[in-house]
Amino acid sequence: MSVVALIIIGAAAGFLATRLMRIEADIPTTLLIGIAGAVVGGLVLRTLLAVMGWMSGFVGAVLGALLLIWVWQTYFRR
C-alpha cells in the first residue's frame, strides 16, 4: 500500500474510530490513531484483503484503530 493511500485510509479510519469510541481527539492524534490502526489491521487482516479487496482493508483499519483506542483508554489514560 502506498504512503498516500495509507494516510487517506488511516485518516478516514481514525475519524470513524474516534467517533465510534466517542473520544475527542485533535486532527494529528486522529491521523496517528488511524494510520497505526491501518498498519495493525492490515497486518492482522492481510488474508482477508487478498480475498475481498480494498474494503476489507478499510474495515481492518477501523478495527485496528478501535483496538488501539481501547488499549490507550484502558492502560494509558488516567
Side-chain angles (χ1 to χ4, degrees):
M1 186 177 298
S2 72
V3 174
V4 175
L6 181 66
I7 291 171
I8 292 170
I9 291 173
F15 175 78
L16 185 59
T18 56
R19 296 306 170 254
L20 288 172
M21 295 295 288
R22 295 185 180 139
I23 66 165
E24 292 295 323
D26 57 359
I27 292 173
T29 303
T30 301
L31 284 172
L32 184 62
I33 288 170
I35 292 170
V39 171
V40 170
L43 291 173
V44 172
L45 298 175
R46 185 172 296 259
T47 303
L48 183 61
L49 177 63
V51 174
M52 305 230 10
W54 72 270
M55 190 61 181
S56 63
F58 179 72
V59 170
V62 171
L63 292 175
L66 288 171
L67 176 67
L68 286 175
I69 289 171
W70 177 79
V71 168
W72 176 53
Q73 284 183 335
T74 303
Y75 296 108
F76 299 109
R77 199 168 180 194
R78 296 178 199 263

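Just so it is clear, the structure is predicted and the values come from calculations on it, not from any experiment. All values below come from the heavy atoms of this structure, side chains included, with hydrogens, waters and symmetry mates left out.
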Discussion item. As an exercise, state the distance from CG of D26 to OG1 of T18, rounded to the nearest 0.5 Å.
Written reply: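 Going from the CG atom of D26 to the OG1 atom of T18 covers 10.5 Å.
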Discussion item. Quick check for you: to the nearest 0.5 Å, what is the distance between I69 atom CD1 and R22 atom CZ?
Written reply: 13.0 Å
Worksheet item: In this structure, are over 12 heavy atoms from other groups packed under 6.0 Å from R19 atom CZ?
Response: yes
Give the cluster check for [X] versus [Y]: same hydrophobic cluster or not, with ILVMFWY residues linked at side-chain heavy-atom distances below 4.5 Å.
| X | Y | answer |
| --- | --- | --- |
| L66 | L16 | yes |
| I27 | V62 | no |
| F15 | I8 | no |

Discussion item. Any heavy-atom pair between the side chains of W72 and I23 that's under 4.5 Å?
Written reply: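 When only atoms from C-beta onward are counted, W72 and I23 do touch, with a gap below 4.5 Å.
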Discussion item. I want to check something: taking the side chain as every heavy atom from C-beta on, are I35 and I9 in contact at a cut-off of under 4.5 Å?
Written reply: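 They are not in side-chain contact.
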Discussion item. Can you give me the closest heavy-atom contact between T30 and G14, atom names plus distance?
Written reply: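 What the structure gives for the nearest pair is CG2-C, 3.4 Å.
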Worksheet, complete the sentence: Closest non-hydrogen contact found for G34 with A65 is CA-CB, 4.4 Å
Worksheet item: Okay, side chain of T74, backbone of V71: is any donor-acceptor separation there less than 3.5 Å?
Response: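 Not a single qualifying donor-acceptor pair exists.
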Discussion item. Is it the case that the side chain of T29 and the backbone of A25 share a donor-acceptor pair, with hydrogens and angles ignored and the cut-off at 3.5 Å?
Written reply: no
